[in-house]
2 protein chains.
Amino acid sequence: MPAQRADARRNYARILAVAEEEVATHGAEASLEQIARTAGVGSATVRRHFPTRHALLEAVFRERIESLAARARELAEADDIRAALLDWLDALTVYSATVQGLAAALLRNGELDPEHANPCVSTLAEAGEPLLRRAAQVGAVAPGVTPVDLVTLVAGIALTTQHHPDPATEATRLLRLTVAGISPRG
Amino acid sequence: MPAQRADARRNYARILAVAEEEVATHGAEASLEQIARTAGVGSATVRRHFPTRHALLEAVFRERIESLAARARELAEADDIRAALLDWLDALTVYSATVQGLAAALLRNGELDPEHANPCVSTLAEAGEPLLRRAAQVGAVAPGVTPVDLVTLVAGIALTTQHHPDPATEATRLLRLTVAGISPRG
DNA sequence: TTGCTAAGTGGCGGGGTCCTCCGTATCGTA
DNA sequence: TACGATACGGAGGACCCCGCCACTTAGCAA
């Protein structure tokens, strides 16, 4: 018994491809109806493969998220662990701020589904955990900071810069402030 | 010639009152149609008084914003200016995180209207400017931080904690991290 | 008090979205 | 080839935003 029929797989791929473009253009609020139309399928088919908008966004950003996670694992081996952590945060920030809808996908998570967290966030958080832990060991990071905090703060920053003419550099600037602290000595 | 007719003023007030409740309940995405229905007016009347959703949100949050601005002016006279700044940021954070839609209203600003900024933000930023300036003079704040940065960062934090069970405390926690810095020494 | 006029109103229709249901076409297999 | 499960997509309901436009009514003037 095939886990999935051939046409289903085909449609899945087409929808995903169209959704990537559409989300890149119109952000996280892209019209599902429009995606269905462009992909040449019925709107019900879109819903069948991606029950919620978030499921679709998750699939769209899966690769990028995965690559960021890989980057984190890589950097966890670095000599200068603080620099590595900052590198990762930078990458995370630029990605989130640049790619329309990514930040929203990271945050608009289980608002109504409190039991298990957003897979995007947890993937990143898990991947960043060793990096953060090593950084904490050498005191390169404030106590009490969790991996989820990092992802959350970055996503927040990215969201706020959506409307900015140059989101990436503005987001990076705000990240620097957050890393160094608004009012550090205290 | 009356600037506005009596019934118009009456409707304005009713709509605003209903909108406050509705936004408090359903956040920034509250249905304008529903507001009109509850207020017992046609949807066209809502649009007439508040051409855009943002205009309505702005009106809804005007008082709160104003009170936060007043607080900033007050605190600008304090002896311990750093503590005053942190106080204000705390208040700002709790407000934004608690009141459904306020953060969104602060951010979802002139996305399509780049020429003049969001009045909510500018009101707060202007009010916080003296406070921030005094803090900067005594070195209690990182260089390069603008009033708008403060409001932006706080709003970002508030947005990310919308879904959290206890937004206010979570937001406050994240604010503390941001104030102290994720990785301060560097 | 009684018009008059323009400001103000609200219902309606058009266009769009999301979502569900269900008859039908298609795939993979026997 | 024929059959059954799987997947499809169109229709339809509910909702929303938006603009238009004929009607009402407040408030001034005679």
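Letters A, B, ... are given to chains in the order of the sequence lines, protein chains preceding strands, and every chain is numbered from 1.
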So, with a heavy-atom separation below 4.0 Å from DNA chain C, the residues of residues 12-23 of chain A are none

Across all chains, not counting sequence neighbours, the salt bridge (charged side-chain N to carboxylate O under 4.0 Å, His left out) partners of Asp7(B) are Arg5(B)

Under a 4.0 Å heavy-atom cutoff, the residues of residues 43-52 of chain A touching DNA chain C are Ser43(A), Ala44(A), Arg47(A)

Exercise. Can a donor-acceptor pair be found between the side chains of Asp90(A) and Thr93(A) at a distance below 3.5 Å?
Worked result: no

**Request:** Respond yes when some side-chain nitrogen or oxygen of Arg37(B) is under 4.0 Å from OP1 or OP2 of dC16(D), and no when none is.
**Result:** yes

When the rotation axes relating C1' atoms of four end pairs to the next four are compared across the helix from dT1(C)-dA30(D) to dA30(C)-dT1(D), five pairs an end, they differ to 10° by 10°

Between CD1 of Ile35(A) and P of dG16(C) the distance, given in whole Å, is 17 Å

Residue pairs meeting side-chain hydrogen bond (donor to acceptor under 3.5 Å, both in side chains), one or both in residues 31-40 of chain B, sequence neighbours left out, come to Gln34(B)-Arg37(B), Gln34(B)-Thr38(B)

Whole-Å distance, Gln4(A) CD to dC27(C) C1', equals 12 Å

Rounded to whole Å, CD of Glu33(B) lies from C1' of dC18(D) at a distance of 9 Å

Can you check whether His49(B) reaches Gln4(B) side chain to side chain, under 4.5 Å on heavy atoms?
yes

Residues at least two apart in sequence or cross-chain that pass ring pair (Phe, Tyr, Trp, His ring centres under 6.0 Å) with Phe50(B), listed by chain then number, are Tyr12(B)

Kindly give the atom pairs (protein nitrogen or oxygen, nucleotide nitrogen or oxygen) under 3.5 Å for nucleotides 24-26 of chain D.
{"residue": "dT25(D)", "atom": "O2", "partner": "Arg5(B)", "partner atom": "NH1", "Å": "3.4"}

Those residues at least two apart in sequence (or on a different chain) that pass salt bridge (charged side-chain N to carboxylate O under 4.0 Å, His left out) with Glu66(B) are Arg73(B)

Residues 96-103 of chain B, side-chain donor-acceptor partners within the protein, below 3.5 Å, at least two apart:
{"residue": "Ser96(B)", "atom": "OG", "partner": "Leu92(B)", "partner atom": "O", "Å": "2.7"}
{"residue": "Thr98(B)", "atom": "OG1", "partner": "Val94(B)", "partner atom": "O", "Å": "2.5"}

Separation of dC17(D) atom P from Leu56(B) atom CG, nearest Å, is 11 Å

| field | Check: Val41(B) and Arg14(B) side chains under 4.5 Å, non-hydrogen atoms | value | no

Rounded to whole Å, CG of Asn11(A) lies from P of dA25(C) at a distance of 17 Å

The salt bridge (charged side-chain N to carboxylate O under 4.0 Å, His left out) partners of Asp87(B) (sequence neighbours excluded) come to none

query: Is there side-chain contact between Phe61(B) and Val23(B), with heavy atoms separated by less than 4.5 Å?
result: yes

Separation between CG (Leu177(A)) and OG1 (Thr178(B)), nearest 0.5 Å, reads 10.0 Å

So the side-chain hydrogen bond (donor to acceptor under 3.5 Å, both in side chains) pairs with at least one residue in residues 134-152 of chain B (sequence neighbours excluded) are Arg173(A)-Asp149(B), Thr146(B)-Asp149(B)

Residues passing the salt bridge (charged side-chain N to carboxylate O under 4.0 Å, His left out) test with Asp80(A), sequence neighbours excluded, are none

